[in-house]
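Heads up: the structure comes next, in structure tokens.
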Amino acid sequence: VPNHPWTRGGGAAVEWIPHEEEPGTFDRSPFAYMLANGLRCSRWRDDALKSASFPAFATLKAQGATDYIAHLVRFERAQAPALTGAALSFATDQAGGFRTEHVALLASLVPPLSLAAYRIALLDLTISVLDAYVGPHAGRHVLSGEMRRGSGQTIETVLLVADLRGFTPLADIAKSGELIQRLGEHLEAMAGPIEAHGGEILNFLGDGLLAIVPIGADMVLERAAASAVGAGSGG
């Protein structure tokens with residue numbers, strides 16, 4: 001999940017929060033509390049901020065925060081059900097917290113910031129889908145508008161086809177959950193070396209994959225072939 005914090009001294013940044021590695025993080029956040037209680041906007045000031053048990057507030061307290069305002073915006077767009085909404089929060093260390101005019105100004109910024117967040121998340125999702133199903137090279141051409149039927153481009157490349165030996169007998173005896181987990185680990189282990197050697201995966205084929213190492217100005221045939229062999233051997 002992307003997080004875009006802005007601080008007075010550091011400016012804007014982009015952070016990725018791996019919720020799958022820490023599944024309980026969101027459940028202990030002020031946003032989870034707001035969702036559970038049907039709240040679109042919440043505010044914690046002074047003693048309420050200090051006494052709240054949300055782990056995220058620990059950093060804010062250490063930085064001298066005096067006021068915290070959080071907003072939830074639901075997107076409700078059927079064409080992109082994975083993008084459920086945006087969460088925005090504002091904190092200050094100003095004595096007495098946000099003034100009335102500050103609260104109003106922040107509230108007016110929520111709609112345009114949410115729209116920007118939606119567009120950024122939609123682009124990230126589109127890129128991820130294209131990378132997974134057509135490969136990064138072809139995906140960039142699609143994003144550039146090259147989508148006319150019958151159009152194409154000839155490229156020189158080295159093909160790499162990899163397959164998991166003994167997968168069919170394993171599939172007959174392994175539990176489905178365990179099998180899927182092991183297959184995911186196997187494909188991830190193959191993808192890393194391919195990308196490290198300048199290649200890109202075009203498609204996952206069950207327990208195998210199809211990848212290419214493009215030949216160009218910076219990658220002659222001999223080097224591309226050696227890179228494909230190196231990626232195939234995991235070296």
To the closest 0.5 Å, what do you measure between [atom1] ([X]) and [atom2] ([Y])?
X	Y	atom1	atom2	result
Asp207	Arg182	CG	CZ	12.5 Å
Leu35	Ser29	CG	OG	8.0 Å
Arg74	Thr84	CZ	OG1	7.0 Å
Leu209	Leu187	CG	CG	6.5 Å
Leu72	Leu39	CG	CG	8.5 Å
Leu221	Glu156	CG	CD	8.0 Å

Note to self: Checking the side chain of Thr66 only, and the main-chain atoms of Thr92 only, is there a donor and an acceptor separated by less than 3.5 Å?
What the structure shows: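 Between the backbone of Thr92 and the side chain of Thr66 there is a qualifying donor-acceptor contact (under 3.5 Å).
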Margin query: Tell me whether Thr157 contacts the main-chain N or O of Ile215 through its side chain, where contact means a donor paired with an acceptor under 3.5 Å.
Written below: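 Flag not set: sc Thr157 to bb Ile215 has no pair under 3.5 Å.
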Under a single-linkage definition using a 4.5 Å side-chain heavy-atom cutoff for Ile, Leu, Val, Met, Phe, Trp and Tyr, are [X] and [Y] assigned to the same hydrophobic cluster?
X	Y	value
Tyr33	Val73	no
Ile120	Leu113	no
Ile212	Val161	yes
Phe26	Tyr68	yes

Check: Residues two or more places apart in sequence or in another chain: which of them pass ring-ring contact (aromatic ring centres under 6.0 Å, His included) with Phe75?
Finding: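 ring-ring contact (aromatic ring centres under 6.0 Å, His included) check on Phe75 returns Tyr118.
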Next item on the list: Answer whether the closest heavy-atom distance between the side chains of Ile69 and Val103 falls below 4.5 Å.
Entry: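 Of all side-chain heavy-atom pairs linking Val103 with Ile69, at least one is under 4.5 Å.
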Check: Less than 4.5 Å apart, any side-chain heavy atom of Phe90 and any of Leu105?
Finding: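 With C-beta onward as the side chain, the pair stays apart.
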Would you name the heavy atoms of [X] and [Y] that are closest together and state the gap between them?
X	Y	value
Val158	Ala224	CG2-CB, 3.7 Å
Arg28	Pro55	O-CD, 3.1 Å
Ala121	Leu83	CB-CD2, 3.9 Å
Ala86	Ala117	CB-CB, 4.3 Å
Ala231	Leu160	CB-CD2, 4.3 Å
Met34	Ser42	CG-OG, 3.5 Å

Notebook entry, point to check: Take atom CD in Glu101; do more than 12 heavy atoms of anything else shown fall under 6.0 Å from it?
Noted result: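 Atom CD in Glu101 is packed in, count exceeds 12.
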Check: Is there any side-chain hydrogen bond (donor to acceptor under 3.5 Å, both in side chains) pair reaching into residues 54-63, and which pairs are they, with sequence neighbours excluded?
Finding: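 Sorted pair list comes back empty.
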Please list, one pair per line, the donor and acceptor atoms closer than 3.5 Å that link side chains of residues 43-51 to other protein atoms, with sequence neighbours excluded.
| residue | atom | partner | partner atom | Å |
| --- | --- | --- | --- | --- |
| Arg43 | NE | Asp67 | OD1 | 3.2 |
| Arg43 | NE | Asp67 | OD2 | 3.2 |
| Arg43 | NH2 | Asp67 | OD2 | 2.6 |
| Arg43 | NH2 | Phe98 | O | 3.1 |
| Arg45 | NH2 | Gly96 | O | 3.2 |
| Ser51 | OG | Asp47 | O | 2.9 |
| Ser51 | OG | Ala48 | O | 3.4 |

